[in-house]
Amino acid sequence: ALTSLKSRDFKSAASQFENTGDETLKPYITACNELVGDYAERRLPGKKLLRLLALLNNDLYTAVIEEILRKESKYLSYDEKKRLCKEVLDLMNPESSIKYNVNQFLGKVYITLKDSTGLRYISALSLFSASVIDVSNTGVMEIDSLVSMPITNLNISNTRIEDLSPVKDS
């Protein structure tokens, strides 16, 4: 079912969750079924998508969230990405005070989250193909969501990031 979610095949995911017979998966079935019609018509993501992402977040499926966002980004305008990114950052970091700024200049995306107290999870950045990212003075520990971005400048000063391999070849 998670593979179907990653490929945005919500109908198959709902069916696969249902076929398990596991009652604890009912929220996933409901969330997926709500999205089936929307994605068939290519409607914009909204509260229904955020509800599914919240379920995945609670169950720590960050890689699935990142893949859904990467694929979703193809269908969103720059402003829609900015809005959804902020909503997902807030969802995944409920205890934090996020200072969020995204700018686009000459085709490059610049993202600043510096000094965002309590910020730990940055999976929402998967929506962008950013060149410059600043997560300095935050609680961010992992940068796996930045894989394959064309990053030319990454500020991780005063963070707990130890592994730079996800961005080595960027």
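These numbers were taken from a predicted model, which means no experiment stands behind them. Values below: all heavy atoms of this structure, side chains included; hydrogens, waters and symmetry mates excluded.
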Could you check Tyr100 against Ser116 for side chain to side chain contact (heavy atoms under 4.5 Å, CB included), going step by step and ending with a plain yes or no? CA-CA 8 Å; Tyr100 171 74; Ser116 294; over 6 Å; no

To the nearest 0.5 angstrom, please state how far the CZ atom of Arg70 sits from the CD atom of Glu72. 13.5 Å

Hey, could you give me the CD/CD1 distance between Glu34 and Ile29, rounded to the nearest 0.5 Å? 12.5 Å

After noting the C-alpha distance and the side-chain angles of Leu25 and Glu18, does the key distance pass the side chain to side chain contact (heavy atoms under 4.5 Å, CB included) rule? CA-CA 8 Å; Leu25 296 176; Glu18 200 162 356; over 6 Å; no

Pair Asp115, Ser97 - check side chain to side chain contact (heavy atoms under 4.5 Å, CB included), show working. CA-CA 9 Å; Asp115 301 321; Ser97 173; over 6 Å; no

Thr112 versus Val102: any side-chain heavy-atom pair under 4.5 Å? no

Starting from Tyr78, can I reach Tyr110 by hopping between I/L/V/M/F/W/Y residues whose side chains sit under 4.5 Å apart? no

Would you call Arg83-Glu80 a salt bridge at under 4.0 Å N-O? no

Quick one: does any side-chain atom of Asp59 pair with a main-chain N or O of Tyr61 as donor and acceptor, under 3.5 Å? no

With sequence neighbours left out, write down each residue that passes side chain to side chain donor-acceptor pair (under 3.5 Å) with Ser157, or none if nothing qualifies. Asn155

Thr30 side chain to Lys26 main-chain N or O, any donor-acceptor pair under 3.5 Å? yes

So, Asp79 versus Ser77: side-chain donor-acceptor pair below 3.5 Å or not? no

Between NZ on residue Lys108 and CG on residue Asn103, distance to nearest 0.5 Å: 14.5 Å

Is there a side chain to side chain contact (heavy atoms under 4.5 Å, CB included) between Asp134 and Ile111? Walk through the geometry before answering. CA-CA 6 Å; Asp134 185 348; Ile111 302 173; over 6 Å; no

Heavy-atom nearest pair, Thr159 first then Val140, reads CB-O, 3.6 Å

Across all chains, not counting sequence neighbours, the side chain to side chain donor-acceptor pair (under 3.5 Å) partners of Asp144 are none

Looking at Lys6, is its backbone amide N or carbonyl O close enough to the side chain of Glu67 to form a donor-acceptor pair, meaning the two atoms are under 3.5 Å apart? no

Could you check whether any side-chain heavy atom of Ile161 comes within less than 4.5 Å of a side-chain heavy atom of Val135, counting everything from C-beta outward? yes

Within one Ile-Leu-Val-Met-Phe-Trp-Tyr cluster: Val88 and Met141, side-chain cutoff 4.5 Å: no

Given side chains that start at C-beta, do those of Leu69 and Leu53 come closer than 4.5 Å, heavy atoms only? yes

Output the distance between atom OG1 (Thr62) and atom CD (Glu142), rounded to the nearest 0.5 Å. 7.5 Å

Reported CG-to-CD1 distance for the pair Leu56 and Ile68, which is rounded to 0.5 angstrom: 5.5 Å

With Asp9, which residues qualify under side chain to side chain donor-acceptor pair (under 3.5 Å), at least two apart? Ser12

Taking all heavy atoms of Ile98 and all of Leu113, pick out the closest pair and write down the distance. CG2-CD2, 4.0 Å

Donor-acceptor contact below 3.5 Å, side chain Thr20 vs main chain Asp22: yes

Output a table of donor-acceptor pairs, distance under 3.5 Å, between side-chain atoms of residues 118-132 and any protein atom two or more places apart or on a different chain; print 'none' if there are none.
residue, atom, partner, partner atom, Å
Ser123, OG, Glu66, OE2, 2.8
Ser126, OG, Ser123, O, 2.8

Flag the pair Asn33 / Phe10 as yes when at least one side-chain heavy-atom distance between them is below 4.5 Å, and no otherwise. no

Enter the distance from Lys81:NZ to Leu84:CG here, rounded to the nearest 0.5 Å. 10.5 Å

Could you tell me whether the side chain of Lys71 reaches within less than 4.5 Å of the side chain of Ser7, counting heavy atoms only? yes

Enumerate the residue pairs fulfilling salt bridge (charged side-chain N to carboxylate O under 4.0 Å, His left out) with a member in residues 96-107, sequence neighbours excluded, ordered by first and then second residue. none

Can you check whether Ser15's main-chain N or O pairs, donor with acceptor, with Asn19's side chain at less than 3.5 Å? yes

With sequence neighbours left out, what residues match Lys86 under side chain to side chain donor-acceptor pair (under 3.5 Å)? Asp90

